[in-house]
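Only this structure's heavy atoms are used, side chains among them; waters, hydrogens and symmetry mates stay out. What you see is a predicted model; the values in this text were computed from it and never measured. Counting convention: from 1, in listed order, for ligands and their atoms alike.
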Amino acid sequence: MGLEEKLPSGFLLTTVEKLAGYMRKNSLWPATFGLACCAIEMMAIGSAGKYDISRFGMEVFRASPRQADLMIVAGRVSNKMAPVVRQIYDQMAAPKWVLSMGACASSGGMFNNYAIVKGVDHIIPVDIYLPGCPPRPEMLMDAILKLHEQIGNEKLGVNRAKIVKEVEASAIAATPIHQIPVFGKQG
Ligand code: SF4
C-alpha cells in the first residue's frame, strides 16, 4: 500500500491495519508454477474438491506473476532456476508473500550437491516454511491458514518500523551459529 509510510500512529492506524490485513488475507492469488514433486501436492489443493481452496478465493492460480501476490515455492530450487524464481518474485504485485513448501525448498532437503540452492531464502524473502517431504495437501492448507493469520496481523507505517527495529536488534544480539554447541557433541 503506497500510503502506509505516511499513515499516522494511534487508533486510526490500528483500524487501517485491521482493515488492510482483512482484505489482504482474503484476496491472495497464488502464482502458477511448480518446481518438483511437491508441486503435485500443491496442485491437489487447487483441483480436489475435498480441499476446496476456493473457500478462500484462491482457486485460480494466476499464470501472470503480475496478477499474483503469493508464491508457493513447491520443490527444490536448482541454481539454474534461481534467477527465474527471483524474476517471477520481482514481477509479482506488492505486497507479496512467499510460502516455502517442503524440505527441498526450505533447505535443499536431501540434495547435498552443487546443483541445488540450500534454501530458497537465499534468493527471496520467505514468510512461512512448511516442513515435509512432501507435505500433504492438508499441511499446505494449514500453512496457508497460518499465513492468513500472519497477514491479518501485519503492522503498517510506524508500527511496522518499530517491529523491524526490534527484529534487527534481536538478530544482532543472537548467538552466532558457529558458537552454538552442537547437540550430543563432546568437547
Ligand atoms: S521435499 Fe520431497 S517431495 Fe518435495 S521436492 Fe523435495 S524430494 Fe520432492
Side-chain angles (χ1 to χ4, degrees), residues 24-152 154 167 171 174 177-178 180 182-185:
R24 285 174 174 177
K25 77 175 186 176
N26 287 302
S27 59
L28 277 184
W29 280 356
T32 307
F33 84 103
L35 296 170
C37 7
C38 275
I40 303 297
E41 307 294 318
M42 179 182 73
M43 284 179 230
I45 65 161
S47 53
K50 68 177 183 174
Y51 302 120
D52 195 13
I53 200 180
S54 57
R55 278 175 293 170
F56 313 114
M58 293 175 67
E59 76 278 21
V60 184
F61 279 66
R62 309 309 299 183
S64 164
R66 298 194 196 286
Q67 297 171 353
D69 54 4
L70 172 63
M71 175 182 271
I72 301 176
V73 185
R76 55 193 165 271
V77 183
S78 65
N79 281 319
K80 197 173 176 183
M81 278 303 287
V84 181
V85 172
R86 179 71 213 198
Q87 186 174 7
I88 294 172
Y89 176 80
D90 286 340
Q91 290 178 339
M92 283 167 54
K96 49 196 161 190
W97 296 272
V98 175
L99 191 162
S100 174
M101 179 180 181
C104 287
S106 301
S107 66
M110 69 182 95
F111 299 98
N112 186 16
N113 62 49
Y114 62 85
I116 302 297
V117 177
K118 298 283 173 272
V120 72
D121 50 8
H122 287 283
I123 52 170
I124 52 175
V126 172
D127 296 281
I128 189 161
Y129 296 87
L130 173 57
C133 176
R136 295 284 298 129
E138 291 85 353
M139 294 169 71
L140 180 55
M141 288 291 284
D142 182 59
I144 287 172
L145 290 175
K146 287 196 167 68
L147 182 62
H148 279 185
E149 208 175 298
Q150 195 174 307
I151 294 170
E154 263 181 20
V167 171
I177 289 178
H178 68 275
I180 298 175
V182 179
F183 180 72
K185 195 174 172 183

Just one of M92, M71, R24 clears the side-chain contact (heavy atoms from CB on, under 4.5 Å) bar with W97, so which one?
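Single side-chain contact (heavy atoms from CB on, under 4.5 Å) partner of W97 among M92, M71, R24: R24.
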Can you spot which of I151, L147, L145 makes a side-chain contact (heavy atoms from CB on, under 4.5 Å) with K25?
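Exactly one option meets the side-chain contact (heavy atoms from CB on, under 4.5 Å) with K25, and it is I151.
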Pairing residues for T32 by the side chain to side chain contact (heavy atoms under 4.5 Å, CB included) criterion, not counting sequence neighbours:
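Result, side chain to side chain contact (heavy atoms under 4.5 Å, CB included) vs T32: F61.
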Is the shortest heavy-atom distance from the side chain of P131 to the side chain of S106 under 4.5 Å?
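Not touching, per the 4.5 Å side-chain cut-off.
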Does some side-chain heavy atom of V73 sit less than 4.5 Å from a side-chain heavy atom of L99?
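They are not in contact (no side-chain heavy atoms under 4.5 Å apart), so the answer is no.
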Which N, O or S atoms belonging to the protein are less than 2.8 Å from atom 6 (Fe) of ligand 1?
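You should have found C104 SG.
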Atom indices of ligand 1 within 4.0 angstrom of G132 heavy atoms, with elements
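Near G132, the atoms of ligand 1 are 1 (S).
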Between K96 and Y89 (side chain of the first, backbone of the second, donor and acceptor by atom type, cut-off under 3.5 Å), is there such a pair?
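Judged by distance alone, yes, a pair lies under 3.5 Å.
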